[in-house]
Amino acid sequence: MAGEIFVEIQKVGNALRVAAIDGATAEEVVFQVPARTPRADIDMLARAKLAWKLKRAAANEKRPGKGPGRRGIEV
């Protein structure tokens, strides 16, 4: 994944909330990191998380925990 990504960073207490959007597909990931995390590390993590999400979407995988035999109520 070598495309453009858009990163939004908001400070929330002692953490940073990071939202990253892939420019080509508009897929989004949201995660939190400690407030002192360097920007280069945030960008690297955002790219890795977006690559993982795009790979999962390409393989048409579903979220874990769904399907028969699972506890809880599905709505």
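- When all heavy atoms of R47 and G3 are compared, the pair lying nearest together is NH1-O, 3.1 Å.
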Show every donor-acceptor pair shorter than 3.5 Å between a side-chain atom in residues 29-40 and any protein atom, with sequence neighbours excluded, or say none if there are none.
| from | atom 1 | to | atom 2 | distance (Å) |
| --- | --- | --- | --- | --- |
| T37 | OG1 | P34 | O | 2.7 |
| R39 | NE | D43 | OD1 | 2.9 |
| R39 | NE | D43 | OD2 | 3.4 |

Show which side-chain atoms of residues 6-15 pair as donor or acceptor with protein atoms under 3.5 Å away, not counting sequence neighbours.
none

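- When the side chains of ILVMFWY residues are joined at heavy-atom separations under 4.5 Å, either directly or via intervening members, L50 and I42 end up in a single hydrophobic cluster.
- Rounding to the nearest 0.5 angstrom, the gap separating the CG atom in L54 from the OG1 atom in T25 is 4.5 Å.
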